Amino acid sequence: MYDKLQEMTNGRGPDRCIDAVGAEAHGGGAFDAVLDKAKTAVMLATDRAHVLREAIMCCRKGGTVSIPGVYVGFLDKVPMGAAMNKGLTLKMGQTHVKRYLPELLGKIDSGEIDPSFVITHNRPLQEGAELYRTFRDKEDGCIKVVLKP
């Protein structure tokens, strides 16, 4: 990915990079991603930081790395020296739901956006505990669940 982004930006790197994956990045077989997976499997780590590492390494000098992806614990092997030496701005935090919810609901109500493509499971509320496990364990292609009372 690094080489492709460098090619696309004439060797400069993207102005902005976003890690919207967070703790559960899988990294497609990259060495650090495989190591992250092994560490989390034996409880030596809590998060998989592959995407964050890639964002820091790919972003141009003076660029911004935004991290809305959720991390839950300690990160291993994050290239903070590269981030500092490149003068990157790191922005992170949970989504400001109260700020954006009314506007987004309005866009859904008006038909301007349709988020239903992300819903993989519609089930009765009684199946909530079971579906939480399905989501947690990444089974049955579960991405987003809608529970009906």
Side-chain angles (χ1 to χ4, degrees), residues 1-105 107-108 112-123 127-147:
M1 181 58 68
Y2 176 86
D3 292 334
K4 183 65 175 172
L5 289 172
Q6 290 299 307
E7 179 185 322
M8 292 170 67
T9 60
N10 295 318
R12 194 174 95 161
D15 293 340
R16 309 280 184 273
C17 294
I18 300 172
D19 169 5
V21 181
E24 298 180 356
H26 291 77
F31 178 75
D32 69 313
V34 172
L35 191 58
D36 285 343
K37 183 177 182 179
K39 286 181 177 181
T40 58
V42 296
M43 307 295 189
L44 290 176
T46 57
D47 301 320
R48 300 180 188 184
H50 173 75
V51 173
L52 180 57
R53 291 183 200 110
E54 289 291 305
I56 289 170
M57 298 310 291
C58 289
C59 200
R60 74 163 172 85
K61 291 179 181 177
T64 300
V65 175
S66 293
I67 313 166
V70 177
Y71 287 95
V72 296
F74 296 97
L75 299 178
D76 192 22
K77 309 276 188 278
V78 174
M80 289 306 292
M84 197 278 301
N85 290 326
K86 288 175 136 186
L88 297 180
T89 297
L90 302 178
K91 293 183 173 190
M92 62 194 87
Q94 298 290 327
T95 301
H96 303 287
V97 175
K98 288 188 178 188
R99 177 178 176 187
Y100 296 110
L101 189 61
E103 180 181 351
L104 290 172
L105 287 176
K107 290 178 182 287
I108 292 168
E112 188 176 340
I113 60 173
D114 178 9
S116 64
F117 70 93
V118 78
I119 298 168
T120 56
H121 295 70
N122 280 294
R123 299 284 166 43
E127 295 181 27
E130 176 187 336
L131 282 166
Y132 180 82
R133 285 188 291 276
T134 301
F135 175 79
R136 179 198 64 202
D137 298 339
K138 299 184 182 11
E139 297 172 344
D140 193 29
C142 190
I143 296 172
K144 185 64 73 180
V145 175
V146 173
L147 298 172

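What you are looking at is a predicted structure, and each value in this text was computed from that prediction instead of being measured.
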TODO: Flag yes if more than 12 heavy atoms outside Arg99 fall under 6.0 Å of its CZ atom; otherwise flag no.
DONE: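 Count not over threshold, so no.
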To the nearest 0.5 Å, what is the distance between [atom1] ([X]) and [atom2] ([Y])?
X: Lys37; Y: His50; atom1: NZ; atom2: NE2; result: 13.5 Å
X: Asp36; Y: Arg48; atom1: CG; atom2: CZ; result: 7.5 Å
X: Lys4; Y: Met1; atom1: NZ; atom2: CE; result: 9.5 Å
X: Thr64; Y: Leu88; atom1: OG1; atom2: CG; result: 8.0 Å
X: Thr89; Y: Lys91; atom1: OG1; atom2: NZ; result: 7.0 Å
X: Asp137; Y: Tyr132; atom1: CG; atom2: OH; result: 9.5 Å

Contact summary for [X] and [Y], nearest pair of heavy atoms:
X: Thr46; Y: Thr40; answer: C-CG2, 4.0 Å
X: Thr120; Y: Ile143; answer: OG1-N, 3.0 Å
X: Ile18; Y: Pro68; answer: CG2-CD, 3.9 Å
X: Leu75; Y: Ala49; answer: CD2-CB, 4.0 Å
X: Val145; Y: Cys142; answer: CG2-SG, 3.5 Å
X: Cys58; Y: Pro14; answer: O-CD, 3.1 Å

Open item on the list: Taking Ile56's backbone N and O only, do any of them form a donor-acceptor pair with Lys86's side chain (distance below 3.5 Å, no angle check)?
Closed with: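 Such a contact is found between Lys86 side chain and Ile56 backbone.
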TODO: Mark yes or no for whether Asp47, through its side chain, and Val72, through its backbone, hold a donor-acceptor pair below 3.5 Å.
DONE: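 The answer is yes, because a donor-acceptor pair under 3.5 Å joins these two groups.
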TODO: With side chain to side chain contact (heavy atoms under 4.5 Å, CB included) as the test, would you mind laying out the steps for Leu131 and His121 before giving the verdict?
DONE: CA-CA 9 Å; Leu131 282 166; His121 295 70; 4.0 Å; yes
Show me the side-chain donor-acceptor pairs of residues 76-85 shorter than 3.5 Å, one per line, residues at least two apart or across chains.
from: Asp76; atom 1: OD2; to: Lys39; atom 2: NZ; distance (Å): 2.1
from: Asn85; atom 1: ND2; to: Gly81; atom 2: O; distance (Å): 3.0

Hey, does [Y] have a side-chain heavy atom less than 4.5 Å from the side chain of [X]?
X: Val65; Y: Leu52; value: yes
X: Arg53; Y: Asp32; value: yes
X: Arg16; Y: Arg60; value: yes

